[in-house]
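Since the structure comes first, as C-alpha cells, the remarks are kept for the end.
The figures here come from the full heavy-atom set of this structure, side chains too, leaving out hydrogens, waters and symmetry mates. Both counts, for ligands and for their atoms, begin at 1 and track the order of listing.
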Amino acid sequence: MQHSFDIIVVGGGHAGTEAAFAAGRMGLRTLLVTHSIETIGFMSCNPAIGGIGKGHLVKEISAMGGIMPKAADQAAIHVRILNGSKGPAVRATRTQADRDLYRRAVRRELESCTNVHLFQQPVDDLLLKDDQIIGVQTQLGIRLYAKAVVLTTGTFLSGKIHVGDKTHDGGRAGASAAQSLSSFLRSHPQIRYGRLKTGTPARIDLASIDISKLDKQPSEYPSTPFDFWEKYTYPQQVDCYITHTNEKTHKIIQDNLHLSAMFSGNIEGPGPRYCPSVEDKIHRFAHQNKHQIFLEPEGLETREVYPNGISTSLPYAIQQRFIRTIKGLENAHITRPGYAIEYDYFDPRDLTPWLASKWIENIFFAGQINGTTGYEEAAAQGLLAGINAALMVQNKPQWYPKRHEAYIGVLVDDLNQQGAQEPYRMFTSRAEHRLLLREDNADIRLTEKAYELGLLTSKQWTQWSEKYQNIQNYTLTLKDHVIHPGDSASIYLDEQVGIKIQTATHGHELIKRPEISTTAIQTILPDTFIDTKALEQVIIQAKYAGYIVRQKQEVEKKSKQSMTVIPKDFDYTLVQGLSNEVLEKLVQARPHTIGQAERIGGVTPAAISLLMVYIKRYQPIERVAT
Ligand code: FAD
C-alpha cells in the first residue's frame with residue numbers, strides 16, 4: 001500500500017464515511033482508517049434516521065450527494081412523517097432502519113467511489129510538524145501521510161462504559177476505546193476538552209414480547225424518500241408497538257437510583273437533555289406516572305427489538321426487574337443490557353466554521369468528537385469537513401453554509417459559538433430562518449453549490465436542472481392560467497375539492513388555498529405538470545410566499561453587518577468601552593464574523609457597535625461571500 005494520500009479520515013462512523021465520500025467525490029485520494037471495516041456505517045444506538053430537525057439535515061446531505069439518505073432509503077423498514085399536519089417548515093421524515101441493511105448500504109456507497117481507500121487499524125497518534133498535521137500513526141506503528149486529516153472518532157476517545165457500578169473501557173459495546181489518540185489531543189496546550197455521556201437501553205427478544213397487548217404503529221409507507229436522486233425499492237415494512245412505563249416501573253427505578261451510574265457519581269459528564277435515561281426522566285419528572293416506549297424492530301432478519309425511551313445505566317438485575325413491569329414485556333428476555341458511555345469531546349469553539357482546528361493546521365474535527373449526539377448531526381459535519389479538507393488540499397477558498405442557507409450552517413455556527421456543554425442535537429427550533437430551511441427545498445438551497453464543489457455527477461446535475469427549470473415554467477404557467485366560473489376546472493374544484501370559483505381566478509392565486517394539492521392541479525391541467533416534486537415546490541412557495549419574503553428581508557438586513565469578517569489577528573484590547581466580560585468572551589471565542597460575535601451569550605448590541613467601529617477604523621472591511 002502507498003503511504004501518502006491527499007486526505008486521511010480517521011473513523012468509519014457516520015461522520016467519517018460522509019467525509020471520505022465527499023473528499024473522494026471531489027477527486028482527492030482519500031484513505032479512511034478505522035478500527036474495523038465490518039463496522040463501517042454501524043449504528044451504535046437506535047437504528048433510526050431522521051426526525052424533527054434531523055430529517056432536515058439528511059435532506060441537505062442528499063442535496064449535496066451524500067451517503068446517509070441513500071442508505072436510509074435502502075434500509076427503511078418503517079417510515080413516518082412527523083408533524084405531518086403542521087406546516088412544511090417543521091414537517092420531518094423519520095425512518096426505522098434495518099441495522100444490517102443500513103451498514104451494508106453505507107459501505108456499498110462508499111466503495112462506489114474509486115478515490116476512497118479503506119484501511120483497518122486503530123490510529124494511536126497524529127504526526128505533526130511545527131503545529132501542522134502531516135499524517136497519523138497506527139497501533140502497528142504504520143505511518144500514513146496526508147495533506148489533511150479529518151478526525152471522526154465518535155464516542156471512542158477514552159470511552160468508559162457503565163452498567164450500575166461495573167465499568168470498563170470501551171468505544172461502544174463490544175469495541176475498544178481509543179486511549180492513545182485521546183491522550184495525544186488532551187496534551188495539546190490550547191485544545192479544550194471535556195467529558196460527555198450518552199446511553200442506550202437493553203435490547204429485547206421479540207419472541208418474549210406479548211404484542212397482542214400493545215398498540216400497533218404501522219409504517220406510513222409509501223412516503224417521500226430521503227434521497228433526491230434515486231428511487232429505491234424499500235424493503236418489507238414492519239410494525240412498531242407502543243407501551244408505557246407505570247407506577248411499579250417507577251418505584252423500582254426510584255428505589256435503585258443510587259445504583260445507577262448516572263446518580264452514583266461514577267459519571268462526570270452531562271448526558272443529552274433531549275434523550276434522557278429512564279432514571280433521569282423519573283427523577284426529573286417525578287409527577288408523571290407513565291412514559292411512552294416505542295418498541296422498534298432492529299431489522300428484518302433479527303428478533304431483537306429496541307425499546308425507545310428506556311435508556312439506562314442501572315445494574316443488569318434492576319434493568320430486568322423494571323422492564324418486566326411494563327405491559328407486554330412481562331416475560332421479556334434481554335438480549336443485551338443497556339449501558340451508559342462517557343467519552344472525551346473536544347471543544348468545537350476551537351474550530352473554524354468549516355470545522356478546521358484553530359490550533360493545528362490542516363486538521364478537521366467532525367461528529368460526536370465535537371460534542372454532538374446523533375447520526376445525522378455527525379454525518380452533516382462529516383460532509384462539511386470532507387468538503388473543506390478537499391478545498392484546503394486544492395488550495396481553494398473554504399466553504400460553509402450560513403444559518404439562513406442550511407441546518408448544517410445552524411449546526412456548525414451553534415457549535416462554534418456556544419460550544420457543547422451538553423450533547424448537542426438538532427431541532428427545527430434552533431433555526432431562526434426555518435421557513436426558508438425546509439426538507440422539501442434542501443436541493444433548491446444547496447445542490448447548485450454541491451455541483452460547483454464537484455460533489456455531484458453530471459446525471460444528478462441534469463436531473464436537478466430539469467426540476468429547477470420545471471419550477472420556473474410551472475410558476476409562469478400558473479400565473480398565466482385563469483379559471484372561470486362554470487368551466488370544467490371550476491366544476492371539478494367545486495365537486496371534488498370544495499372550492500367555489502366565483503370570479504375569474506389566476507392559477508397562482510388558486511394554489512395559495514389550503515385545500516389545493518398537487519393532484520388537484522394535475523387534474524385541472526393534465527399533461528402540464530408531469531414533475532410532481534417541482535409542482536409541490538411551486539405550491540409551497542406560493543402558499544407561504546408572504547412569510548418567506550418577510551424572512552428573506554430580515555436575512556438581507558442582518559446579513560450585511562453580520563457577514564463582516566473579523567480579521568484573524570484582530571486585537572480586541574484596542575476596542576475601548578468593552579466590558580471585561582465581553583472582552584474575555586471575544587478573545588476566547590475568536591469569532592470569524594460579526595454575526596458569530598453577536599451570537600455569543602453576553603455580547604451586547606452595544607459591544608457589537610463598538611466592534612464595528614474599530615474594525616472599520618483599523619482595517620479595510622472584508623465580507624464573507626453570501
Ligand atoms: P461513531 O459512529 O461512533 O464512529 C466512530 C468511528 O471511529 C468508529 O468507526 C470507530 O471504530 C472509529 N474510531 C474511533 N477511534 C478510532 C481510532 N483511534 N482509530 C481508528 N478508528 C477509530 N445518538 C442519538 O441521536 N440518540 C441516542 O439515543 C444515542 N444513543 C447512543 C448510545 C450509545 C451507547 C452510543 C455509543 C451512541 C449513542 N448515540 C445516540 C450517538 C450516535 O451513535 C452517535 O452520535 C453517532 O454514531 C456519531 O457518529 P460519529 O461518526 O461521530 O461516531
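Between R94 and E296, at least one side-chain nitrogen of the basic residue sits less than 4.0 Å from a carboxylate oxygen of the acidic one, meeting the salt-bridge criterion. Checked for salt-bridge contact, K358 and D350 miss the test: no charged N lies under 4.0 Å from a carboxylate O. For the pair R99 and E304, the salt-bridge criterion is not met [side-chain N within less than 4.0 Å of a carboxylate O].
When every heavy atom of P307 is checked against every heavy atom of I204, the shortest pair comes out as CG-CD1, 3.9 Å.
Using a distance-only test at 3.5 Å, with no hydrogens or angles considered, a donor-acceptor pair links the side chain of E377 to the main chain of M426.
Within the structure, side chain to side chain donor-acceptor pair (under 3.5 Å) contacts touching residues 63-80 (residues at least two apart or in different chains) are K70-D227, D73-Y234, Q74-R108, Q74-E109.
Contact shell of ligand 1 (protein heavy atoms, cutoff 4.0 Å): V10, G11, G12, G13, H14, A15, V33, T34, H35, S44, C45, K54, Q121, P122, V123, T152, T153, G154, T155, F156, R172, A178, L181, T198, G199, T200, C275, Y339, I341, G367, Q368, T373, G374, Y375, A378.
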